[in-house]
Participant: 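Sending over a structure as structure tokens; questions will come in a sec.
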Amino acid sequence: MTTSDVSSEMSTPVQTCDVCIVGAGITGMNALFVASRYLNRDQKVILIDRRSRVGGMWVDTYDYVRLHQPHCFFTAGNIAWTLGQDRSHLATKGEVLDHFQHCLEVIKQRVQVDELFGWAMESHTESDGIVRITCRSADGRSQVVETKRLIHASGAAVMPNDPLDISSERVRSVSPDSCDMRGPEMAASDTPVWVIGGGKTAMDTAHAVITRYPGREVNLVAGSGTYFLTRDLAFPNGSRRWWDGRVLSTLAADTARRFDGTNEAAVADWYRAKYGTWVTPETGNYLFGVLSEAESSTIATALNSVVMDHLVDAADRDGTTELVFRSGSTTPISPGSWIVNCTGYFNGGDQPYEPYVSDSGAVLSLNLSSITMHLPSYTGYFMTHLLFLGALRDIPLYELDWLELRSKSNAVLPYTLLALVQHNLSLITDSVPTKVLLDCGLDFDRWFPPPRRLPATARFLLTHRRDREHHRRTLDTVRERFGARCGPLDHTANTTSQRSPTASTTA
Ligand SMILES: Cc1cc2nc3c(=O)[nH]c(=O)nc-3n(C[C@H](O)[C@H](O)[C@H](O)COP(=O)(O)OP(=O)(O)OC[C@H]3O[C@@H](n4cnc5c(N)ncnc54)[C@H](O)[C@@H]3O)c2cc1C
């Protein structure tokens with residue numbers, strides 16, 4: 001260490017707290033909600049985020065994004081929304097951000113929360129029961145936080161999307177985050193729109209353009225295609241809640257039971273046919289996105305063309321402009337066309353692998369390289385309960401490297417995630433007080449009235465231990481097939497490199 005290093009370390013302000021949470025998205029806010037249940041008013045949480053406010057990706061994602069599930073389920077713990085809208089309302093970006101702020105204010109009534117917004121955690125080290133976190137602000141100042149427990153809730157780590165880098169000078173390359181589809185530039189033009197991508201953002205974008213500018217030419221380049229869970233079946237409206245649709249916990253349990261680690265194509269065929277909706281002729285992907293039959297049909301009816309391929313470039317050649325695809329095929333497009341990049345939001349940021357819990361048990365890491373549940377909100381909620389109950393190192397949860405598995409097989413990912421959450425939820429159910437389950441406002445089953453919900457709960461309680469062994473074998477099979485990190489942590493090893501999950505004999 002040089003003399004200047006020593007003097008800069010001595011001048012760095014140090015704050016202390018009982019719990020530090022890094023990441024103020026839905027993952028971090030659920031962690032904060034749970035932490036506030038275990039701490040008292042004299043104790044302090046420091047909440048750090050490199051963004052300027054609470055909300056995670058919702059702070060700077062595109063303006064026309066909407067929740068795809070009924071708003072009440074997108075919350076911290078069981079904090080109720082104050083919107084006064086019908087339960088089925090799909091909240092806008094502004095409404096979601098207001099709710100995040102409301103959650104923070106509600107939680108602050110139980111525990112002290114100091115916000116360090118606009119600060120990024122650069123590193124953390126553990127020694128003598130203290131976690132030391134080094135942070136830096138956007139203008140280069142540094143700060144140290146010392147804490148007994150760190151929850152590193154970088155979660156999905158979604159960042160705004162850039163436009164695609166294409167060579168043509170005759171087209172407009174934008175992303176939903178760089179150009180509002182409902183904004184003046186798009187409104188002033190009537191040239192064709194090419195939506196690149198087939199997932200939720202592509203559907204949001206196609207729907208926004210189609211409904212805002214009726215008659216405008218809209219095309220979709222959908223890669224291998226995506227299907228969605230039909231909202232009408234997952235969240236039927238009005239009196240239909242009493243008899244129609246499917247209670248989601250039983251759908252998840254049935255799907256995970258069908259999946260054995262090798263039969264993802266058959267499971268996808270069954271799931272899609274019974275519960276799916278889609279606008280493309282092929283659907284290689286599913287990532288728990290939700291779409292209504294009405295949205296699906298609006299988009300499918302209005303699309304001018306659907307290309308099942310991956311865009312490589314838009315190139316100017318011999319006086320014409322054409323889209324160039326991965327397969328080598330090309331298609332001519334009109335000058336002035338809009339190319340809207342709706343691909344690739346989930347890349348996990350640049351965070352290196354961290355096991356979900358550190359050797360000492362003081363650092364809980366909730367990120368895409370070591371996930372334990374299928375949804376960020378659930379992860380923040382349940383894993384933080386295990387942290388405070390001191391149970392994180394005692395139960396053989398499986399962790400999965402979402403990014404690694406996705407890079408090897410999109411097709412296997414969703415059903416593996418369902419096996420993972422069923423396996424881990426079974427272990428968690430046996431390890432937490434019943435109140436933890438009762439207080440979980442994130443539970444989609446609450447959409448349905450008690451006579452439909454209670455049989456689903458009873459069925460889970462009766463079958464989850466028996467099913468656990470099947471899910472464990474499924475997850476082991478996926479690991480062996482794809483070589484992706486998927487298994488329990490080895491708590492006897494004491495270095496990060498040794499902590500890769502290994503084949504398990506415990507269940
Ligand atoms: C376009 C789009 C639409 C979506 N719509 C829905 C939807 O309708 N419903 C749904 O359930 N899910 C939706 N999702 C999934 C979505 O990503 C999650 O629901 C959720 O909002 C992600 O929350 P998160 O906390 O896991 O991650 P993020 O929202 O990415 O939050 C993580 C936070 O951690 C901070 N952070 C990370 N590392 C550091 C560090 N080192 N220092 C300081 N801060 C750090 C980041 O700045 C960020 O604010 C959507 C995703 C996308 C991309």
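Whatever order the structure lists ligands and atoms in, that order sets their numbers, starting from 1.
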Participant: Counting non-hydrogen protein atoms only, what is the nearest one to atom 26 (O) of ligand 1? Give residue, atom name and distance.
Facilitator: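 Answer for atom 26 (O) of ligand 1: T27 OG1, 2.7 Å.
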
Participant: Relative to the heavy atoms of R51, which atoms of ligand 1 are at a distance of less than 4.0 Å?
Facilitator: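 Answer, ordered by atom number: 46 (C), 47 (O), 48 (C), 49 (O).
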
Participant: Which of the numbered atoms in ligand 1 are under 4.0 angstrom from any heavy atom belonging to G56?
Facilitator: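 Going through ligand 1 atom by atom, the ones under 4.0 Å from G56 are 29 (O), 31 (O), 48 (C), 49 (O).
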
Participant: Taking only heavy atoms of G155, which atoms of ligand 1 are found under 4.0 Å from at least one of them?
Facilitator: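 The list of qualifying atoms is 26 (O).
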
Participant: Would you check whether W58 reaches within less than 4.0 Å of ligand 1, judged by its heavy atoms?
Facilitator: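 Flag set, W58 near ligand 1.
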
Participant: For ligand 1, is there an N or O atom under 3.5 Å from any N or O atom of I26?
Facilitator: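 Yes, I26 has an N/O under 3.5 Å of an N/O on ligand 1.
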
Participant: For the NE2 atom of H71 and the NE2 atom of H89, what is their distance to the nearest 0.5 Å?
Facilitator: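 The distance works out to 6.5 Å.
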
Participant: Nearest protein heavy atom to atom 15 (C) of ligand 1, by residue and atom, and its distance?
Facilitator: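 Protein heavy atom with the smallest distance to atom 15 (C) of ligand 1: F346 CZ, 3.9 Å.
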
Participant: Got an N/O contact under 3.5 Å between V22 and ligand 1?
Facilitator: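 No, no N or O pair falls under 3.5 Å.
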
Participant: With a cut-off of 4.0 Å, which atoms of ligand 1 are near a heavy atom of Y62?
Facilitator: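 Close to Y62: 1 (C).
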
Participant: Quick check for you: to the nearest 0.5 Å, what is the distance between T416 atom OG1 and R406 atom CZ?
Facilitator: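 Those atoms lie 14.0 Å apart.
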
Participant: Report yes if K200 has an N/O atom closer than 3.5 Å to an N/O atom of ligand 1; otherwise report no.
Facilitator: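 Yes, since at least one N or O of K200 sits under 3.5 Å from an N or O of ligand 1.
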
Participant: Find the distance between CG (L248) and CD (Q69) and round it off to the nearest 0.5 Å.
Facilitator: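 These two atoms lie 10.5 Å from each other.
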
Participant: Determine whether Q112 and V45 satisfy the following criterion, side chain to side chain contact (heavy atoms under 4.5 Å, CB included), listing intermediate values before the conclusion.
Facilitator: CA-CA 6 Å; Q112 285 181 54; V45 179; over 6 Å; no

Participant: As a check for students: among R53, M57, E122, Q69, identify the option with a heavy atom nearest to atom 52 (C) of ligand 1.
Facilitator: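 Looking at heavy atoms only, the winner is M57.
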
Participant: Within a distance under 4.0 Å of any heavy atom of W119, pick out the atoms of ligand 1 and give their elements.
Facilitator: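 This gives 43 (C) as the contact atoms.
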
Participant: Under 4.0 Å from ligand 1, counting heavy atoms only, is it the side chain of P376, its backbone, both or neither?
Facilitator: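 Within the 4.0 Å criterion, P376 contacts ligand 1 through side-chain atoms alone.
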
Participant: Return the closest protein heavy atom for atom 30 (O) of ligand 1 as residue, atom name and distance.
Facilitator: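 Going atom by atom, the protein heavy atom closest to atom 30 (O) of ligand 1 ends up being V158 N, 2.9 Å.
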
Participant: Write out the residue and atom name of the closest protein heavy atom to atom 33 (C) of ligand 1, then the distance separating them to 0.1 Å.
Facilitator: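 Sorting protein heavy atoms by distance from atom 33 (C) of ligand 1 puts D49 OD2, 3.4 Å first.
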
Participant: Please list, in number order, the atoms of ligand 1 under 4.0 Å from a heavy atom of A120.
Facilitator: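 Ligand 1 atoms under the 4.0 Å threshold to A120: 42 (N), 43 (C).
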
Participant: If we only consider heavy atoms of R66, is any one of them less than 4.0 Å away from an atom in ligand 1?
Facilitator: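 True for this residue.
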
Participant: Considering non-hydrogen atoms of the protein only, which is the closest contact for atom 37 (C) of ligand 1, and what is the distance?
Facilitator: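 The protein heavy atom lying closest is S154 CB, 3.5 Å.
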
Participant: Give the atoms of ligand 1, by number and element, whose distance to some non-hydrogen atom of T201 is under 4.0 Å.
Facilitator: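 Counting from 1, the qualifying ligand atoms are 1 (C).
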
Participant: Just jot down the ligand 1 atoms closer than 4.0 angstrom to any heavy atom of L67, in number order.
Facilitator: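 In order of number, 7 (C), 8 (O), 9 (N).
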
Participant: Rounded to the nearest 0.5 Å, how far apart are NE2 of H102 and CH2 of W81?
Facilitator: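 Answer rounded to 0.5 Å: 10.0 Å.
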
Participant: Starting from atom 19 (O) of ligand 1, what is the nearest protein heavy atom, named by residue and atom, and what distance separates them?
Facilitator: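 For atom 19 (O) of ligand 1, the nearest protein heavy atom comes out as F74 CE1, 3.6 Å.
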
Participant: Flag G23 as yes when one of its N or O atoms lies below 3.5 Å from any N or O atom of ligand 1, and as no otherwise.
Facilitator: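 By distance alone, the answer is no.
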
Participant: How close does the nearest protein non-hydrogen atom get to atom 27 (O) of ligand 1, and which residue and atom is it?
Facilitator: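 Closest protein heavy atom to atom 27 (O) of ligand 1: A156 N, 3.4 Å.
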
Participant: Just verifying a value: how many Å separate R182 CZ and Y64 OH, rounded to the nearest 0.5 Å?
Facilitator: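 Spacing of CZ (R182) from OH (Y64) equals 8.5 Å.
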
Participant: Considering K93, R50, H124, H68 one by one, which has a heavy atom nearer to atom 43 (C) of ligand 1 than any of the others?
Facilitator: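 Checking each option, the heavy atom nearest atom 43 (C) of ligand 1 is found in R50.
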
Participant: Would you kindly check if the NZ (Lys) or CZ (Arg) of R272 is within the cone defined by 45 degrees around the ring axis of W278 and under 6.0 Å from the six-membered ring centre?
Facilitator: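 Yes.
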
Participant: When you measure from atom 42 (N) of ligand 1 to every protein heavy atom, which one gives the shortest distance, and what is it?
Facilitator: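 It is M121 N, 2.8 Å.
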
